[in-house]
Amino acid sequence: MEKVVAVSAGATRPAICSPSLAEVDFRTSVKMSGFFNVSRLRSLQPIKALEESATASVVQESAAISGNNLCQNSTVAKSTNILWHKNSVDKRDRQQLLQQKGCVIWITGLSGSGKSTLACALSQALHWRGKLTYILDGDNCRHGLNRDLSFKAEDRVENIRRIGEVAKLFADAGVICIACLISPYRKDRDACRSMLPEGDFIEVFMDVPLQVCEARDPKGLYKLAREGKVKGTF
């Protein structure tokens with residue numbers, strides 16, 4: 001099992017302010033709000049007028065249109081001529097704000113092995129400790145995000161890929177994301193692991209005997225499978 005690694009905070013850029021607040025000292029206003037670490041504000045300057053920020057934005061967009069950034073354009077799958085836009089507030093900033101390490105805890109195992117139960121218990125325990133979590137349950141995701149997918153082999157791969165991508169976004173937001181789904185194939189889990197930095201993907205296998213899972217059979221799938229009424233749901 002991989003361990004979570006420590007991170008350090010990075011500098012942030014103040015957001016654009018309305019013209020009426022253009023002369024407000026940013027450091028003073030943040031001190032009054034009580035939401036930020038005042039020691040980080042030494043590098044921040046008072047907010048400039050909206051027009052100055054807007055002008056800088058136009059210059060950047062003009063440079064992109066003129067072709068200065070075309071060398072960064074790429075093709076991903078069926079998407080062409082796309083460019084990754086770097087945000088001024090990054091993962092380190094969000095993690096410092098939340099005072100936690102964003103990561104993905106991936107729980108895998110047979111149906112009835114207790115994946116969802118463990119995920120809920122873990123989420124509650126972390127919540128009591130003041131940590132922000134979110135659970136991506138396999139069945140829950142099939143109610144919305146993956147409602148268009150079946151249990152065919154190719155759809156199973158896409159189901160796991162989508163959940164992996166969403167889990168990555170949660171981790172990037174600084175949230176502890178707990179994904180719980182059968183995900184039986186190592187190659188699919190490894191594909192999700194490769195989406196994140198080393199140490200940010202923690203895999204948990206529910207090592208529960210088949211007989212125990214079948215005895216529980218909370219959704220009645222084992223009984224239906226034995227009767228030949230359902231296939232490809234495990």
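Atom set for the values below is all heavy atoms of this structure, side chains included, hydrogens, waters and symmetry mates excluded.
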task = Identify whether the distance between the nearest side-chain nitrogen and carboxylate oxygen of D190 and K187 falls below 4.0 Å.
result = no
Side-chain donor-acceptor contact under 3.5 Å, T80 with T75 = no
key: Closest contact, heavy atoms only, A119 versus I178   = CB-CG2, 3.7 Å
task = Drop me the distance from L181's CG to C192's SG, to the nearest 0.5 angstrom.
result = 8.0 Å
key: Residues K223, E214: salt bridge by 4.0 Å N-O rule   = no
ask   = So, for I160 and W106, which heavy atoms are closest and what is the spacing to 0.1 Å?
value = CG2-CZ2, 3.8 Å
request  = Any chance you could lay out the side-chain contact (heavy atoms from CB on, under 4.5 Å) test for E227 and Y222, step after step, and finish with the verdict?
outcome  = CA-CA 9 Å; E227 295 172 354; Y222 290 99; over 6 Å; no
query = In terms of side-chain geometry, is the basic nitrogen of D188 or R156 positioned less than 4.0 Å from the acidic oxygen of its partner?
reply = no
message = Within the 4.5 Å heavy-atom criterion, are V212 and R216 side-chain neighbours or not?
response = yes
key: K91 bridged to D200 by N-O distance under 4.0 Å   = yes
message = Tell me whether D137 contacts the main-chain N or O of N140 through its side chain, where contact means a donor paired with an acceptor under 3.5 Å.
response = yes
key: Minimum-distance pair of heavy atoms, taken over all atoms of G109 and S113   = C-OG, 3.6 Å
ask   = Distance from T108 atom OG1 to M206 atom CE, nearest 0.5 Å?
value = 10.0 Å
key: Among L83, N81, I82, the one residue meeting side-chain contact (heavy atoms from CB on, under 4.5 Å) with S74   = I82
query = When hydrophobic residues are tied together by side-chain contacts of less than 4.5 Å, even through go-betweens, does L122 share a cluster with F205?
reply = no
key: Side chains of C180 and L136 in contact at under 4.5 Å (non-hydrogen atoms)   = no
ask   = Heavy atoms, side chains only, cut-off 4.5 Å: are E203 and R193 in contact?
value = yes
remark   = Given the options N159, D155, D139, N146 meets side chain to side chain donor-acceptor pair (under 3.5 Å) only with N159
ask   = Just wondering, do L149 and R162 contact through their side chains at under 4.5 Å, heavy atoms?
value = yes
key: A125 backbone acceptor or donor facing R129 side chain under 3.5 Å   = yes
task = Answer yes or no: is there a side-chain heavy-atom contact under 4.5 Å between I182 and L110?
result = no
request  = Indicate yes or no: does E154 engage K152 in a salt bridge with an N to O separation below 4.0 Å.
outcome  = no
inquiry  = Between I107 and L118, is the side-chain contact (heavy atoms from CB on, under 4.5 Å) condition met? List the steps.
reply    = CA-CA 9 Å; I107 305 176; L118 175 62; 4.0 Å; yes
Same apolar cluster: V157 and V166, side chain cutoff 4.5 Å = no
Separation between CG of D93 and OG of S88, rounded to the nearest 0.5 Å = 8.0 Å
inquiry  = Side-chain heavy atoms nearer than 4.5 Å, only ILVMFWY residues, links allowed to pass through others: does that put I176 and I135 together?
reply    = yes
query = Got a donor-acceptor contact below 3.5 angstrom from the Q99 side chain to the Q96 backbone?
reply = yes
note = Contacts of D172 meeting salt bridge (Lys or Arg N to Asp or Glu O under 4.0 Å) (sequence neighbours excluded), chain-then-number -> R94
query = With the 4.5 Å side-chain cut-off for hydrophobic clustering, are Y134 and V104 part of the same group?
reply = yes
query = Out of curiosity, C213 SG to K115 NZ, how far, rounded to the nearest 0.5 Å?
reply = 7.5 Å
ask   = Salt-bridged, E165 to K168, with N to O below 4.0 Å?
value = yes
ask   = Got a donor-acceptor contact below 3.5 angstrom from the K131 side chain to the S123 backbone?
value = no
remark   = Scanning both residues in full, the closest heavy-atom pair of S111 with L221 reads OG-CD1, 4.1 Å
ask   = Honestly, is R189 close enough over F201, meaning NZ or CZ under 6.0 Å from the six-membered ring centre and within 45° of the axis?
value = no
inquiry  = Does any part of the side chain of T133, heavy atoms only, come nearer than 4.5 Å to the side chain of F170, both counted from C-beta?
reply    = no
